[in-house]
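See structure below.
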Protein chains: 2
Amino acid sequence: MAEQEPTRQRVLDAAGELFYSRGIQTVGMDAVRNASGVPLKRLYALFPSKDALVLEFLRQRDAQWLRALAGHVDAQPTPEERITAVFDWLYAWFSEPGYRGCAFINSFGELGAVSPQVAEQARHHKQAFHAYLTDLVEAAGRPAELAGRLALLAEGAIVTAALFATPEPARQARDAAHALLHTP
Amino acid sequence: MAEQEPTRQRVLDAAGELFYSRGIQTVGMDAVRNASGVPLKRLYALFPSKDALVLEFLRQRDAQWLRALAGHVDAQPTPEERITAVFDWLYAWFSEPGYRGCAFINSFGELGAVSPQVAEQARHHKQAFHAYLTDLVEAAGRPAELAGRLALLAEGAIVTAALFATPEPARQARDAAHALLHTP
DNA sequence: AGTCACCGAGAACGTTCGTTCTCGCTTTGT
DNA sequence: ACAAAGCGAGAACGAACGTTCTCGGTGACT
């Protein structure tokens with residue numbers, strides 16, 4: 001019984017890795033079974049359906065992603081440094097092997113039109129990111145509209161870095177953010 | 001024989017509309033048949049496979065999209081106005097009913113990991129967009145790195161507008177572009 | 001008018017996928 | 001030691017999909 005949570009997490013990790021790297025519809029439950037080593041019967045005892053597994057993956061990814069970002073950003077001493085640290089963290093993220101963009105943007109493109117819950121998760125995630133940027137901008141004493149502009153730069157970098165498989169867009173976004181910061 | 005091209009276009013239009021609004025994998029060939037009114041036999045005479053139909057859709061979308069953008073932008077008198085016109089055109093695009101983001105970003109998220117040809121089409125499209133922006137920036141006598149920044153703003157706006165079903169990000173991106181333009 | 005090639009409508013085929021079921025083994029409780 | 005319950009491995013099932021085939025009718029050519 002204390003062992004159930006670990007296998008649930010093992011399933012989520014394996015499924016998440018597959019969903020992220022290959023796309024959701026491309027990954028069958030058999031692939032999740034093979035990757036996690038958890039038999040189908042147990043999979044369906046832990047998650048009532050593939051849809052539920054997908055949604056739980058998105059929920060977890062949302063929390064993990066924001067925690068990782070904040071973990072790096074909040075370590076910076078000054079508010080200005082925290083803002084540019086967002087883009088430095090993006091650079092590191094884009095440089096990870098297997099980086100394939102934002103799981104929420106990808107899921108939305110794949111299933112947003114057909115699954116309101118996936119669309120809602122994506123909106124929730126981006127809203128949380130925007131709220132986080134808003135806090136950073138406010139703490140820096142900058143005008144509120146800066147947050148939206150930084151968000152656009154970040155989203156653009158996320159997408160472009162995925163398409164061209166290079167972390168370079170993070171640098172461009174950081175430079176652009178720097179320009180926006182230093183010239184009201 | 002002179003009638004073959006119209007039905008080919010009818011298929012592409014119907015399939016494109018479906019692929020864009022629902023996602024590619026969600027749309028079966030039967031749906032394309034129903035929407036276009038072209039029987040399956042003829043569909044497969046025109047396109048050897050669904051993959052070929054998808055790729056042809058992307059090729060056409062690439063050309064149409066850039067032509068529509070340039071059609072609006074190139075009508076502006078001054079280089080600076082042409083640059084901000086890009087974002088005005090985005091605003092109009094985001095406001096169209098059924099707007100669901102960039103077909104290439106969506107296809108890449110859905111199939112980029114599994115279809116090198118889809119990934120290549122997406123890269124080609126974004127490269128063309130970037131090249132177009134580079135021309136605009138150069139014509140305005142601005143530093144070359146501005147093009148990349150504008151592209152990031154545009155991509156971010158495209159994605160954000162789709163997620164939240166609002167054209168507002170185009171305005172934010174335009175304001176940010178304006179700020180970048182007027183403060184080197 | 002008759003023959004023949006063509007074509008639309010949809011059935012059929014083979015595969016894949018989500019989900020459930022079967023079966024045999026292991027483990028547990030007494 | 002033995003019965004009963006649980007579980008892993010994979011077969012099985014029903015639906016959906018991409019692709020091909022069949023059939024009945026229609027139009028063209030002679």
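In the text below, chain A, chain B and the rest are named by the order of the sequence lines, each starting its count at 1.
- Taking 4.5 Å as the limit, every side-chain heavy atom of A:Glu145 sits out of range of all side-chain heavy atoms of B:Gln172.
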Show me, pair by pair, the donor-acceptor contacts under 3.5 angstrom made by side chains of residues 66-78 of chain B, not counting sequence neighbours?
unit_1: B:Asp74; atom_1: OD1; unit_2: B:Tyr132; atom_2: OH; d: 2.7
unit_1: B:Gln76; atom_1: NE2; unit_2: B:His72; atom_2: O; d: 3.4
unit_1: B:Thr78; atom_1: OG1; unit_2: B:Glu81; atom_2: N; d: 3.1
unit_1: B:Thr78; atom_1: OG1; unit_2: B:Glu81; atom_2: OE1; d: 3.0

Under 4.0 Å protein heavy-atom contact, by nucleotide of nucleotides 6-22 of chain D - B base, S sugar-phosphate only: -BB-B-------SBB-B
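- Note: B:Asp88 CG to B:Trp93 CH2 = 15.0 Å, rounded to the nearest 0.5 Å.
- Summarising the geometry, atom CG belonging to B:Leu150 is positioned 8.5 Å from atom CG belonging to B:Leu136; distances are rounded to the nearest 0.5 Å.
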Below 3.5 Å, can you tabulate the donor-acceptor pairs from side chains in residues 94-104 of chain A to any protein atom, sequence neighbours excluded?
unit_1: A:Ser95; atom_1: OG; unit_2: A:Tyr91; atom_2: O; d: 2.8
unit_1: A:Tyr99; atom_1: OH; unit_2: A:Ile158; atom_2: O; d: 2.8
unit_1: A:Arg100; atom_1: NE; unit_2: A:Tyr20; atom_2: O; d: 3.1
unit_1: A:Arg100; atom_1: NE; unit_2: A:Ser21; atom_2: O; d: 3.1
unit_1: A:Arg100; atom_1: NH2; unit_2: B:Gly109; atom_2: O; d: 3.0

